[in-house]
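A short worksheet on the structure shown next.
From a predicted model like this one, the values you see are computed outputs, not experimental measurements.
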Amino acid sequence: MVTTKTDITSNTDTSEYPIRIEMIEAGGLTFEVATCGHGDRLALCLHGFPSHALSWRDLLPLLARLGYRAWAPNQRGYGRSSRPEGVAAYKIDRLIDDTAALIDASGAKETVLIGHDWGAAVAWTFASRKLRPLKALIIMNVPHPKCYLEKLVRSTQIFKSWYMFFFQIPWLPEWLLSRRHAALIGRMVDRSSNRNTFPRDLRQIFRDNAAEPGALTAMLNWYRAAIRNPVRQDFPVIDVPTLMIWGEADVALNKSTTYDTHRYVSNLTLKYLPGISHWVYQDAPDTVNAMVEEFLAK
């Protein structure tokens, strides 16, 4: 494990709980991980598209203060983490195996799993398949996979998900998204967020990440693998205490995709945030932190 200290700014005070970047070997891959805090209780934070580990920088110090060793990895294909080639390398089975490998590498005795966007999809699947014991599950702005599939063709959700199908086209999405140092990635973030609250430096981090050679193909392969290898098996009910935080102004996902979540989660706390975008923890970091702290305190 190689550790390098970085100067990472945050809306949360990091003087007592500084955030560091570590390169961690897990499951045969190398992950670039933003870490904060110590101890044998792990809080593992999984980002989505087109995000980055540092998107969790406001939450990590809180988790550390609550007694967790907080890890936010750049998932496979992102940042300086390993970037396997080929669509098959990004199937959901590989992604949840990464989560298990990171938990094992931490040596933690207890794990809280936190996910947003694609990271939430991985977290839902990981918890349902019970690959490793979880103390709690926290989901932000992605519905349970069964709820999503049920609403996909029974509502306007299929039109909001148009980009998933566009991303199946070879090379063209990469060409469009990479132009002018991934300028379109910045516009996608602007369109899906509250531009008054989304940090400009974080948007630039997303663009810089996407502009790295091979990065966009890896990032888009998450979508390609999902369409080419759809999950056909059942999702057993999740018994882990689960907090679901949902920004109601999500441009990509209908609020209705959350309505039947209780059918698949036996111990569910669902919090709606009116006027908050898909990027809940950038739009409302203080509110999200308070919800997370209250939930974990229980």
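The minimum heavy-atom distance linking M140 with V292 is given by the pair CE-CG2, 4.4 Å. Contact record, W124 with H144: NE1-N, 3.4 Å, taken as the closest heavy-atom pair. Annotation for K146 and F235: closest pair CG-CD1, 3.7 Å, computed over non-hydrogen atoms. When all heavy atoms are compared, the tightest approach of S51 to W279 is OG-CZ3, 3.9 Å. The shortest non-hydrogen separation linking W222 to R76 is NE1-O, 3.3 Å. P133 and T111 make their closest contact through O-CB, 4.2 Å (heavy atoms, listed as atom of the first residue, atom of the second, distance).
For A225, the side chain to side chain contact (heavy atoms under 4.5 Å, CB included) test picks out V87, Y90, K91, N229, with sequence neighbours left out. Not counting sequence neighbours, the partners of N74 by the side chain to side chain donor-acceptor pair (under 3.5 Å) test are E32, H52. Applying the salt bridge (Lys or Arg N to Asp or Glu O under 4.0 Å) test to R69 and every residue at least two apart in sequence or in another chain returns nothing. Every residue two or more places apart in sequence or in another chain that forms a ring pair (Phe, Tyr, Trp, His ring centres under 6.0 Å) with H278 is listed here: H116. The salt bridge (Lys or Arg N to Asp or Glu O under 4.0 Å) search around D117 returns none, not counting sequence neighbours.
Side-chain heavy atoms closer than 4.5 Å link hydrophobic residues (I, L, V, M, F, W, Y) into clusters, and following such links, possibly through other members, connects F167 to I169. Under a hydrophobic clustering in which Ile, Leu, Val, Met, Phe, Trp and Tyr are joined whenever their side-chain heavy atoms come within less than 4.5 Å, directly or via other members, I185 and F166 fall into the same cluster. Linking ILVMFWY residues whenever their side-chain heavy atoms come closer than 4.5 Å, directly or via other members, leaves L184 and V251 in distinct clusters. Placement of V142 and I158 within a single hydrophobic cluster is found when ILVMFWY residues are connected by side-chain heavy-atom separations under 4.5 Å, directly or transitively. Clustering ILVMFWY residues whenever any of their side-chain heavy atoms sit less than 4.5 angstrom apart, transitively, puts L137 in a cluster other than the one holding V237.
At distances below 3.5 Å, not a single donor-acceptor pair connects side-chain atoms of T30 with backbone N or O atoms of S81. Put simply, the side chain of D239 never gets that close to the backbone of V265: no donor and acceptor are under 3.5 Å apart.
Heavy atoms from other residues, nucleotides or ligands lying under 6.0 Å from CD of E110 number more than 12. Other residues, nucleotides and ligands contribute at most 12 non-hydrogen atoms within 6.0 Å of the NZ atom of K109.
Counted by atom type alone, S161 and Y148 present one or more donor-acceptor pairs between their side chains at under 3.5 Å. Side-chain polar atoms of S277 and D283 form a donor-acceptor pair below 3.5 angstrom. Between the side chains of W71 and S106, not a single donor N or O lies within less than 3.5 Å of an accepting N or O. A donor-acceptor contact closer than 3.5 angstrom links the side chains of T156 and N254. In this structure, a donor-acceptor pair under 3.5 Å is present between the side chains of T258 and Y272.
The side-chain heavy atoms of R41 and V112, taken from C-beta on, include no pair separated by under 4.5 Å. Using a 4.5 Å cut-off on side-chain heavy atoms (C-beta onward), F31 and M23 make no contact. Between L44 and I114 there is no side-chain heavy-atom pair separated by less than 4.5 Å. Looking at P143 and W246, their side chains come closer than 4.5 Å, going by heavy atoms from C-beta outward. By the 4.5 Å heavy-atom criterion applied to side chains, P199 and R57 are counted as neighbours. The closest side-chain heavy-atom distance from L273 to I245 is below 4.5 Å. Between E248 and I276 the shortest side-chain heavy-atom distance does not fall below 4.5 Å. Counting heavy atoms from C-beta outward, R132 and F126 have side chains that approach closer than 4.5 Å.
Taken from OH in Y281 to CG in N141, the straight-line distance is 9.5 Å, to the nearest 0.5 Å. Note that CD1 of I238 and CG of N267 are 11.5 Å apart. Values are rounded to the nearest 0.5 Å. Taken from NZ in K135 to CG in L42, the straight-line distance is 14.0 Å, to the nearest 0.5 Å. One distance of note links CG of D250 with OG of S192; it measures 8.0 Å at 0.5 Å rounding. Separating the OG1 atom in T99 from the CG atom in D97 is a distance of 8.5 Å, to the nearest 0.5 Å. Atom CD1 of residue I227 and atom CE of residue M164 lie 4.5 Å apart, to the nearest 0.5 angstrom.
For the pairing with I138, the side chain to side chain contact (heavy atoms under 4.5 Å, CB included) check across T242, L113, L296 returns one residue only, L296. Each of F206, W56, Y78 was evaluated against H47; a single residue qualifies, Y78, per the ring pair (Phe, Tyr, Trp, His ring centres under 6.0 Å) test.
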Sequence neighbours excluded and cut-off under 3.5 Å, please list the side-chain donor-acceptor pairs for residues 208-220, or say none.
from, atom 1, to, atom 2, distance (Å)
D208, OD1, H181, NE2, 2.7
D208, OD1, Q204, NE2, 2.9
N209, OD1, G79, N, 2.6
T217, OG1, E174, OE2, 3.0

Item to check | Worked check of side-chain contact (heavy atoms from CB on, under 4.5 Å) between K160 and L253 | outcome: CA-CA 7 Å; K160 288 189 173 184; L253 292 161; over 6 Å; no

Item to check | Candidate pair D93 and R129, rule side-chain contact (heavy atoms from CB on, under 4.5 Å), full reasoning | outcome: CA-CA 10 Å; D93 289 346; R129 296 192 188 176; 2.5 Å; yes

Next on the checklist: Assess the residue pair V122 and I92 against the criterion (side-chain contact (heavy atoms from CB on, under 4.5 Å)); give the C-alpha distance rounded to whole Å, side-chain angles, the decisive distance to 0.1 Å, and a yes or no.
Outcome noted: CA-CA 7 Å; V122 172; I92 192 65; 4.1 Å; yes

Next on the checklist: I'd like to know whether D98 forms a side-chain contact (heavy atoms from CB on, under 4.5 Å) with Q75, so could you lay out the CA-CA distance, the side-chain angles of the two residues, the decisive distance to 0.1 Å, and finally the verdict.
Outcome noted: CA-CA 8 Å; D98 289 349; Q75 301 211 68; 5.6 Å; no

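Taking the centre of each ring, F49 and Y223 come in below the 6.0 Å mark.
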